[in-house]
S.K.: 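Dumping the structure here so I can ask a few things about it.
The shown structure was predicted, so the numbers you read here are calculated from the model rather than taken from an experiment.
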Amino acid sequence: MRTVSAGDTVVVTGAGGFIGSHLVEALVAEGQHVRALVHYNGAGTHGWLDMLSPDQLANVEVLAGDVRDRGMTQRLVDGAKVVYHLAALGGIPYSYLAPQSYVDTNITGTLNVLESARVAGVDRVVVTSTSEVYGTATTVPMTEDHRLRGQSPYAATKIAADKLAESYHLSFGLPVVTLRPFNTFGPRQSTRAVIPTIISQLAKGRGGVELGALTTTRDLLYVADTVAAFIAVGTAVDSAVVGRVFQAATGCETAIGDLVRRIGAMFGNHPEVVVTEARLRPAGSEVERLVGDSTLLREHTGWQPTATLDDGLKATVEWFLEPGNLARYRPDRAV
């Protein structure tokens, strides 16, 4: 394994978000000093990092800023050993309404991180991709060689970010690894994703569950396993991972309608599902099927998922049922 000592600085962009905050927690638990970039806001909040304990935050240097600012990204990565770049504007429905925002954050923001890391001489940059870059599966299970198809403005900007990372490795020798997690879920996830949407509506006692398409399938990966994949590619020897794209997936697919039944059973009921226009993607934009193959990641790092779908769902439901957590969510919003 590639050694990252306790005294080294490790950067996480998007650290206040769902996966980013879990990654910060895991890195701190491993004894790392984490420089965490959160998106600046006038309220002075740091997203989900505000939920970390004082002991955890003692090893976290929190910076508020924006990856769209080149000066900020340079200050962020100077002196860092590894950069985990998770900052992105997510949420597919909103990308139909504000595509320029996605270009600015997901493409220009990634360019700024890559260029800053190149100037700073960072040892490893892990760029976060997404299974959405594939569009609907044409072959299953999907491998890293599956064709790319931007079926939403969000997906298109993530494809561009992936290609920028590739170009910085091939053009400048930047030690980049691209990690492509499939559909991560777990505590702290936004209701822009389907599992928190289902759970939060049931937890707040609504008579039915409002959703979009029910027959689409997803490869669902619990957040702890996604975080383990990030750390695996961030710490592996250079020859095993640098310049490569890796998928993190379970290899199993679950239909959204089945998810409703599984989660409903955890609440002791069989919820009525109402398909609403506001929650449907445009016909040509809907990704019907996603299921990934993690053979490459397992062979090069030893990573493998450990949480079953039901175990992950149970942990997620329990977290949402905490009143203080549930109060943060507004399940009636479709975007």
Side-chain angles (χ1 to χ4, degrees), residues 2 4-28 30-50 52 54 56-90 100-129 157-158 160-162 164-165 167-169 171-179 227 230-231 233-235 242:
R2 178 175 170 273
V4 181
S5 67
D8 292 330
T9 295
V10 176
V11 165
V12 178
T13 72
F18 161 46
I19 300 175
S21 62
H22 284 283
L23 178 57
V24 169
E25 280 187 294
L27 291 168
V28 167
E30 293 195 349
Q32 300 299 312
H33 172 261
V34 181
R35 186 179 297 157
L37 179 68
V38 300
H39 192 230
Y40 173 82
N41 64 80
T45 56
H46 295 156
W48 291 113
L49 289 187
D50 287 342
L52 271 60
Q56 290 172 311
L57 290 173
N59 291 311
V60 181
E61 176 189 354
V62 181
L63 300 180
D66 195 317
V67 292
R68 294 174 297 177
D69 188 295
R70 173 71 174 77
M72 167 56 71
T73 58
Q74 193 65 61
R75 293 192 297 275
L76 176 72
V77 307
D78 281 347
K81 187 90 168 179
V82 179
V83 174
Y84 293 96
H85 176 45
L86 284 76
L89 187 55
Q100 182 67 55
S101 299
Y102 285 74
V103 170
D104 293 345
T105 299
N106 299 351
I107 300 178
T108 303
T110 298
L111 175 64
N112 288 341
V113 170
L114 293 168
E115 177 62 13
S116 296
R118 183 186 72 82
V119 171
V122 170
D123 285 0
R124 177 77 52 85
V125 181
V126 179
V127 171
T128 309
S129 183
T157 62
K158 294 298 285 184
D162 287 2
L164 276 172
S167 75
Y168 261 71
H169 174 66
S171 300
F172 308 116
L174 187 68
V176 175
V177 186
T178 299
L179 182 65
V227 165
F230 273 103
I231 294 174
V233 297
T235 58
V242 166

S.K.: Would you mind reporting whether Val77 and Gln74 have side-chain heavy atoms less than 4.5 Å apart?
M.R.: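 Counting from C-beta outward, Gln74 and Val77 do come under 4.5 Å.
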S.K.: Just do the side chain to side chain donor-acceptor pair (under 3.5 Å) check on Asp162 and Ser129 with the steps written out, would you?
M.R.: CA-CA 7 Å; Asp162 287 2; Ser129 183; 2.6 Å; yes
S.K.: Drop me the distance from Leu179's CG to Leu86's CG, to the nearest 0.5 angstrom.
M.R.: 8.5 Å
S.K.: Of the non-hydrogen atoms in Ala15 and Val24, which two are nearest, and what is the gap between them?
M.R.: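 Looking at all heavy atoms of both residues, the shortest contact is CB-CG2, 3.8 Å.
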S.K.: Using 0.5 Å steps for rounding, measure from the CG atom of Leu57 to the CG atom of Asp50.
M.R.: 8.0 Å
S.K.: Got a sec, which residues hit side-chain hydrogen bond (donor to acceptor under 3.5 Å, both in side chains) with Thr157, two or more places apart in sequence or on another chain?
M.R.: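 Applying side-chain hydrogen bond (donor to acceptor under 3.5 Å, both in side chains) to Thr157 gives Asn106.
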S.K.: Apply side-chain contact (heavy atoms from CB on, under 4.5 Å) to the pair Leu114 and Val127, showing each step before the final yes or no.
M.R.: CA-CA 9 Å; Leu114 293 168; Val127 171; 4.1 Å; yes
S.K.: Side chains of Asn112 and Asp69, heavy atoms from C-beta outward: is any pair under 4.5 Å?
M.R.: no
S.K.: Is the shortest side-chain heavy-atom distance between Thr73 and Arg70 below 4.5 Å?
M.R.: yes
S.K.: Assess the residue pair Asp66 and His39 against the criterion (side chain to side chain donor-acceptor pair (under 3.5 Å)); give the C-alpha distance rounded to whole Å, side-chain angles, the decisive distance to 0.1 Å, and a yes or no.
M.R.: CA-CA 6 Å; Asp66 195 317; His39 192 230; 3.1 Å; yes
S.K.: Below 4.5 Å, heavy atoms only, C-beta onward: do Thr178 and Val233 meet side chain to side chain?
M.R.: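 Side-chain contact under 4.5 Å: no.
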S.K.: Heavy atoms only: give me the nearest Phe230-Ile19 pair and the separation to one decimal.
M.R.: CE1-CG2, 4.0 Å
S.K.: If I compare all heavy atoms of Val126 with all of Gly234, which pair ends up nearest, and what's the gap?
M.R.: CG2-CA, 3.9 Å
S.K.: As an exercise, state the distance from CG of Leu164 to CD of Glu115, rounded to the nearest 0.5 Å.
M.R.: 11.0 Å
S.K.: Does any N or O in the side chain of Tyr168 come within less than 3.5 Å of the main-chain N or O of Pro175, such that one atom is a donor and the other an acceptor?
M.R.: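 Checking the backbone N and O of Pro175 against the side chain of Tyr168, no donor-acceptor pair under 3.5 Å is found.
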S.K.: Which heavy-atom pair separates Gly14 from Ala87 by the least distance, and what is that distance?
M.R.: N-CB, 3.5 Å
S.K.: Please confirm whether the backbone N or O of Val242 pairs with a side-chain atom of Arg124, one donor and one acceptor, at under 3.5 Å?
M.R.: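 No: the side chain of Arg124 does not pair with the backbone of Val242.
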S.K.: Just jot down the ring pair (Phe, Tyr, Trp, His ring centres under 6.0 Å) partners of His169, sequence neighbours excluded, or say none.
M.R.: none
S.K.: Could you walk me through whether Leu37 and Met72 pass the side-chain contact (heavy atoms from CB on, under 4.5 Å) check?
M.R.: CA-CA 10 Å; Leu37 179 68; Met72 167 56 71; 4.1 Å; yes
S.K.: Please give me the minimum heavy-atom distance between Ala80 and Val83, naming the atom from each residue.
M.R.: CB-CG2, 4.4 Å
S.K.: Hey, what do you get for OG1 (Thr235) to NZ (Lys81), rounding to the nearest 0.5 Å?
M.R.: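 Answer rounded to 0.5 Å: 12.5 Å.
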S.K.: So does Thr128 get a backbone contact from the side chain of Lys158, meaning a donor-acceptor N/O pair under 3.5 Å?
M.R.: yes
S.K.: Check whether any side-chain heavy atom of Gln32 lies under 4.5 Å from a side-chain heavy atom of Val82, and answer yes or no.
M.R.: no
S.K.: Keeping Ser21 on the side-chain end and Phe18 on the backbone end, is there a donor-acceptor pair under 3.5 Å?
M.R.: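 Here the side-chain-to-backbone pair exists.
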S.K.: Which distance, rounded to the nearest 0.5 Å, do you find between the CZ of Arg35 and the OH of Tyr84?
M.R.: 15.0 Å
S.K.: Contact between Arg68 and Thr105 at the side-chain level, heavy atoms closer than 4.5 Å - yes or no?
M.R.: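 Sidechains of Thr105 and Arg68: in contact.
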S.K.: Rounded to the nearest 0.5 Å, what's the gap from NE2 on His22 to CG on Leu52? Could you check?
M.R.: 9.5 Å
S.K.: Using atom types as modelled and distance alone, determine if a side-chain donor or acceptor of Ser116 lies under 3.5 Å from a backbone N or O of Val113.
M.R.: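 Here the side-chain-to-backbone pair does not exist.
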S.K.: Can you give me the closest heavy-atom contact between Leu49 and Gly16, atom names plus distance?
M.R.: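 Heavy-atom minimum between the residues: CG-CA, 4.2 Å.
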